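Working notes, beginning with the structure itself.
A quick note: this is a predicted structure, and the numbers were derived from the prediction, not measured.
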Amino acid sequence: MQVTSAEATTTGNGKPMIKVKLQVVGGPHHGRTVFNNFVISAESQGALGFFFQHMAAFGLPKEWFQQNQPKLEAVAAHLLDRTAGIKLEQKAYG
């Protein structure tokens with residue numbers, strides 16, 4: 001997947017979030033679009049760890065955050081055009 005757009009914003013309850021649009025690169029689903037929100041939940045160590053795990057998959061490890069102390073807008077800008085191997089699963093709700 002390749003990040004084709006990334007926007008720094010907030011959730012409905014005020015948590016920092018990066019909204020991304022990803023495009024499948026290669027394979028039978030090449031060109032399909034997927035949307036995801038990377039939410040920063042500072043009050044939860046597990047959720048925060050999940051955020052940093054996702055960022056590391058796109059080449060932005062914890063050390064990058066520690067060295068740069070980036071604002072959310074800068075993180076979103078650094079995600080543009082980055083790629084990561086992602087496994088998607090479709091589930092039915094209900």
Side-chain angles (χ1 to χ4, degrees):
M1 305 288 284
Q2 181 176 24
V3 178
T4 58
S5 72
E7 174 191 3
T9 186
T10 56
T11 65
N13 61 0
K15 291 183 181 182
M17 170 175 72
I18 301 173
K19 294 172 76 170
V20 296
K21 183 165 84 171
L22 305 146
Q23 189 170 52
V24 177
V25 180
H29 303 291
H30 179 78
R32 288 198 180 170
T33 300
V34 176
F35 298 90
N36 192 52
N37 298 328
F38 296 115
V39 179
I40 300 173
S41 296
E43 72 285 352
S44 168
Q45 287 298 315
L48 198 55
F50 205 48
F51 172 82
F52 285 114
Q53 183 180 19
H54 286 152
M55 293 300 103
F58 284 100
L60 301 176
K62 282 186 185 180
E63 295 78 21
W64 181 82
F65 284 88
Q66 291 168 341
Q67 289 175 344
N68 297 291
Q69 300 288 310
K71 294 188 182 232
L72 200 58
E73 293 81 4
V75 177
H78 275 84
L79 284 172
L80 280 176
D81 297 323
R82 290 184 178 262
T83 60
I86 298 172
K87 180 180 178 182
L88 295 177
E89 183 178 326
Q90 185 175 356
K91 292 183 179 182
Y93 288 98

Val24 with Ile86, same ILVMFWY side-chain cluster at under 4.5 Å: yes
Considering all heavy atoms, the nearest Pro70-Trp64 contact: CG-CZ3, 3.5 Å
Lys15 versus Ser41, side-chain donor and acceptor atoms under 3.5 Å: yes
Flag side-chain contact, heavy atom, 4.5 Å: Phe65 against Leu60: yes
Cluster link Met17 to Met55, ILVMFWY, side chain under 4.5 Å: no
Test log, rule ring-ring contact (aromatic ring centres under 6.0 Å, His included), inputs His54 and Phe58: CA-CA 7 Å; His54 286 152; Phe58 284 100; 8.2 Å; no
Close side-chain approach of Lys21 to Val3, heavy-atom, < 4.5 Å: no
Exceeds 12 heavy-atom contacts within 6.0 angstrom, atom CD of Gln45: no
Minimum heavy-atom distance between Gln23 and Thr4, given as atom pair plus value: CB-CG2, 3.9 Å
Over all atoms of both residues, closest heavy-atom pair of Leu72 and Ile40: CD1-CD1, 3.7 Å
Considering all heavy atoms, the nearest Gln66-Gln69 contact: O-NE2, 3.1 Å
From CD (Gln53) to NZ (Lys62), nearest 0.5 Å: 9.5 Å
Nearest-0.5 Å distance that lies between atom CZ in Phe35 and atom OG in Ser5: 7.5 Å
Leu80 to Ala6 - nearest heavy-atom pair and separation: CD2-N, 3.7 Å
Asp81 versus Gln2, closest heavy-atom pair with distance: O-NE2, 3.3 Å
Side-chain heavy-atom pair Asn68, His78 within 4.5 angstrom cut-off: no
Cluster overlap Ile18 with Leu48, hydrophobic side-chain contacts below 4.5 Å: yes
Test log, rule side chain to side chain contact (heavy atoms under 4.5 Å, CB included), inputs Val20 and Leu79: CA-CA 9 Å; Val20 296; Leu79 284 172; 4.3 Å; yes
